[in-house]
J.: 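Below: one structure in structure tokens.
Chain letters run A, B, ... following the sequence lines, proteins first and then strands; every chain starts at 1.
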Amino acid sequence: MKFKVLPVILFIGLLLLALPIGCIDNNNNLSVSEQKKTVKIIAKRKKSEFWDVVRMGAEAAGKEFNVNVEFWGPTNELEIDKQIEMVREVINEKVDALVLAACDYVKLVEPTEEVIAAKIPVIVIDSDLKSDKVKSFIGTDNVGAGYMVGKTLVDIIGENGNVAVMSFIKGAASADQREEGFFKAIKDHPGINIVTTEYCSSNIDLSEFLTYKILNEHEGLDAIAALNADSTVGVARAVEKRGLAGKIRIVGFDSTPDEIEFLERDVIDALIIQNPFSMGYLGVKYAVDTMNGKPVPKIVDTGSRVINKDNMYLPENQKLLFPLTDE
Amino acid sequence: MKRKLLFFKGIYKAIRNTFRINSIQSVISLAFTAVTVFALVFVSVTLYSVFSKTAERNAASSTQQIIEQVNINLDNYLMEMMEVSNLISNNLSIDNLDDLSNILSVTTGIRKDIVTLAVFDADGDIVVCNPEGEYDKNYKVSEQKWFQDSLNNIGEYNFISPHVQRLFVGMRPWVVSLCRGTKVQGSPETWVVMVDMNFSVMEQLCKKVSLGKRGYIYVIDQYGDIVYHPQQQLIYVGLKHEDIKFALEKEDGSYYYDLMGERRIITINTVNYTNWKIIGISYLDEIVENRKSLSTLVIFISIFSLLFVIAASLFVSAKISEPIKKLEREMKKVESGNFDIDIDIDDQGEDEVKSLSRAFNMMVKRIRNLMEQIISEQEAKRKSELKALQAQINPHFLYNTLDSIVWMNENKDYAGVTTMVAALSQFFRISISRGKELIPVSDELEHIKSYLTIQKIRYKNKFTFSIDAQTEALEYKTLKLILQPIVENAIYHGVEQLYDEGIINIKVSVEGKTVLFQVTDNGYGIKPDILKNILNRKEDGKAGQGGVGLKNVDERIKLFFGEQYGIEIFSTLDVGTTVNIRIPVIE
């Protein structure tokens, strides 16, 4: 059988042609470096014990899902305009998703929706926003948590008594909702008299000062309900300094080390604790999921529970109260 | 369903028509390709499954080795801690608290992973501790379970899984503790030595090893509490779940575990002193990645082999089918009537095709010969028929006969006229026989009888004749007008010139499958040299000439019935001639 040379040459040529294609393919696979996405978190405040835990959760998620996590926020929770500005800046930055804790329920709607319009998904944590365009809200059921404050307070002082409320910022969703829940709980107990409601602007010193004012103005006060970490610490300081620890009962909010110390020293009677770690973690996780086109739940309740001196060292509670720092 | 079937059939037909699937080339190519595809699929699937199984096994065993190593390291670490605890225990004495305090401070100074070293007396009060701090009055050591356990089981090492250490005000570190109740030297008292470690060393031990990209190691104690987990806080707040129960229940070893559609290998290994368990989770995705690259390789190779096979099979099948196609083209020519073809065999490739070509050549040649034969035969037949026809209406014979009739009529021999005319009429009737070529032997004999009757009258009784036939033979058929030329010959060349009375005898007999006509005369006979040539003589076309008629009859018979039939002539000078005509029996 005579072998024709032409087809053989053609075939070998074809093979030679194919080899570099295979190699190029492999090279591509090797050389393509994954572009790390960036999730930006704009918190209500850049630095505080509560937000540090949120940040820990966010960073844990960033590590797990291989994204950069940038943590930002105004220096205090009253700087609504500053936060608005920060949110607007996101549009011009290389950010793939935004996780926001809104300082104001209404005022931040506009800039946030601008961000969403720029095709950057937004997840809201801790404090809700009056917008249905955000992908998800992750936070404490604040009405429920406020209700828990009221119930716990009644359990402590009984059906009769004078109570002052130390809230933080009017207009912030978390504050409004906690108040709403708190008053709902108190409404069932006509013997409880709410003497005043103050707003400390999430400032410990202001809270302490306002507490002195309340103590001066309202004699025969039985208890103070504080609705966030800063208000609680301020109230506890004032009450302790006046030597009223144990006489004026305090039900606080959150679980910063200061608050825990006050709890252990019997200045604070009970704390309603949230789960800031979960907020940070889930905020970033859902941001990543959204970027990857996965569906995320519209509302996530990260839960809250009542902590007092007796149950604080139960294994399940100490895990929440003392977050493991990840160095 | 049926419609679908029809649809596919339609597609198949369309493909078949466009690609001429029935051609040898495409059948060979398709078969070749199909076999190769099958083989390729089989080989690659087998290779792939063998490889991936091996890869899985390897992954499991390497995970096991890694965890074994972690176990050894963790074991060493815990031993160190026990030694720290032993060192303190061995130096417990009521009198020498300063020495003890020194040991504690040196040890904590060296080891950053030791958070607190403390010695409690039986009431739970601190004897010595380092670093020191403000003792938290809310915390009653004596009420703690670990303290009581240590007091009750003196000398035993008591590991306490992670908890918040709250000995001192304002310090709430997470620690793992090692406690041990010890008798104090020279005293009845029992003290408890506590070593608090942080997670840093354990974390290092567990974090350093990598189980693929996403795999990790965690450690649980005998109650299922997590000692170390890379995502410990996530588990603590309930965002992550680890199936600790599974790990707790299983013996050491590797297990498959499917979670959310993802396969993991869980490897469990128990640490010696503590009954802690080291659990390695490795994801199969690395293996899957290997698998993917393997499968791309396999697909790559398959595609190229397939291309190669297709090219090769196209080439081979073209090589095989080309000569066949050529043969086909030549055959087509033959089909359209061209027989002048001789395929060049040397050029035709394979042996089979060569012999096919050869056979075809032979066939064409034979057909060509046959056709030529048929053509010449037909020609001869036509000629002989013409001659027979000429014989039938030999004008000589006719006008001689008519002359005889006129002459007889003038002599008023009316009976002779009648006989003559009747015989003539009979002669022509049978001659014509409605154009039939085959007539019964009886008719042929009747015909020759009429002829002889006429000739006898014409030759004025110069001869006598007799016809003698087997009755059996009369039934059979014969080619018509075969006797007349022979009898004519016998008259003209045999008996005419005789002085004596001529005798012509005609005999018909059946010999097996042959009918034999025998015409005998007593004439001069034929000279041997003439006799020899009489049947081979070249025709010169002279009708009625002696011999020409004989040859014509012979040819007609041979054309009609075959070579074995025909005429034989036996002649002896001055004695006579016998002509034998043989034809087959025809019913």
J.: What part of B:Leu234 gets closer than 4.5 Å to chain A, counting heavy atoms only: side chain, backbone, both or neither?
T.: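 For B:Leu234, heavy atoms of backbone and side chain both lie under 4.5 Å from chain A.
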
J.: Of the listed residues (B:His163, B:Arg166, B:Gln231), which shares the most heavy-atom pairs with chain A below a 4.5 Å separation?
T.: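 Going by pairs under 4.5 Å, I would pick B:Arg166.
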
J.: B:Asp136 versus chain A, heavy atoms under 4.5 Å apart: side chain, backbone, both or neither?
T.: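 For B:Asp136, side-chain heavy atoms alone lie under 4.5 Å from chain A.
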
J.: Could you pull out the closest heavy-atom pair between B:Val227 and B:Gln232, with the gap in Å?
T.: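 So the minimum-distance heavy-atom pair works out to O-NE2, 3.4 Å.
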
J.: Between A:Glu64 and A:Lys285, is the closest basic N to carboxylate O distance under 4.0 Å?
T.: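 Result for this pair is no, no salt bridge flagged.
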
J.: Heavy atoms only, distances under 4.5 angstrom: which of A:Asn275, A:Asp258, A:Asp266 has the most pairs with chain B? Name it, please.
T.: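 Ranked by contacts with chain B, first place is A:Asn275.
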
J.: In terms of heavy-atom proximity below 4.5 Å to chain B, should A:Glu261 be classed as side chain, backbone, both, or neither?
T.: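 Just its side chain gets close to chain B.
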
J.: Under the criterion ring-ring contact (aromatic ring centres under 6.0 Å, His included), I'd like the reasoning laid out for A:Phe137 against A:Tyr286: C-alpha separation, chi angles, the key distance, then a yes or no.
T.: CA-CA 10 Å; A:Phe137 169 70; A:Tyr286 288 158; over 10 Å; no

J.: Answer yes or no: is there an ion pair linking A:Asp205 with A:Arg237, defined by an N-O contact shorter than 4.0 Å?
T.: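 Salt bridge present between A:Asp205 and A:Arg237.
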
J.: Is it the case that atom NZ in A:Lys135 sees more than 12 heavy atoms from other parts of the structure closer than 6.0 Å?
T.: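 No - once you tally the heavy atoms of other residues, nucleotides and ligands closer than 6.0 Å, there are 12 at most.
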
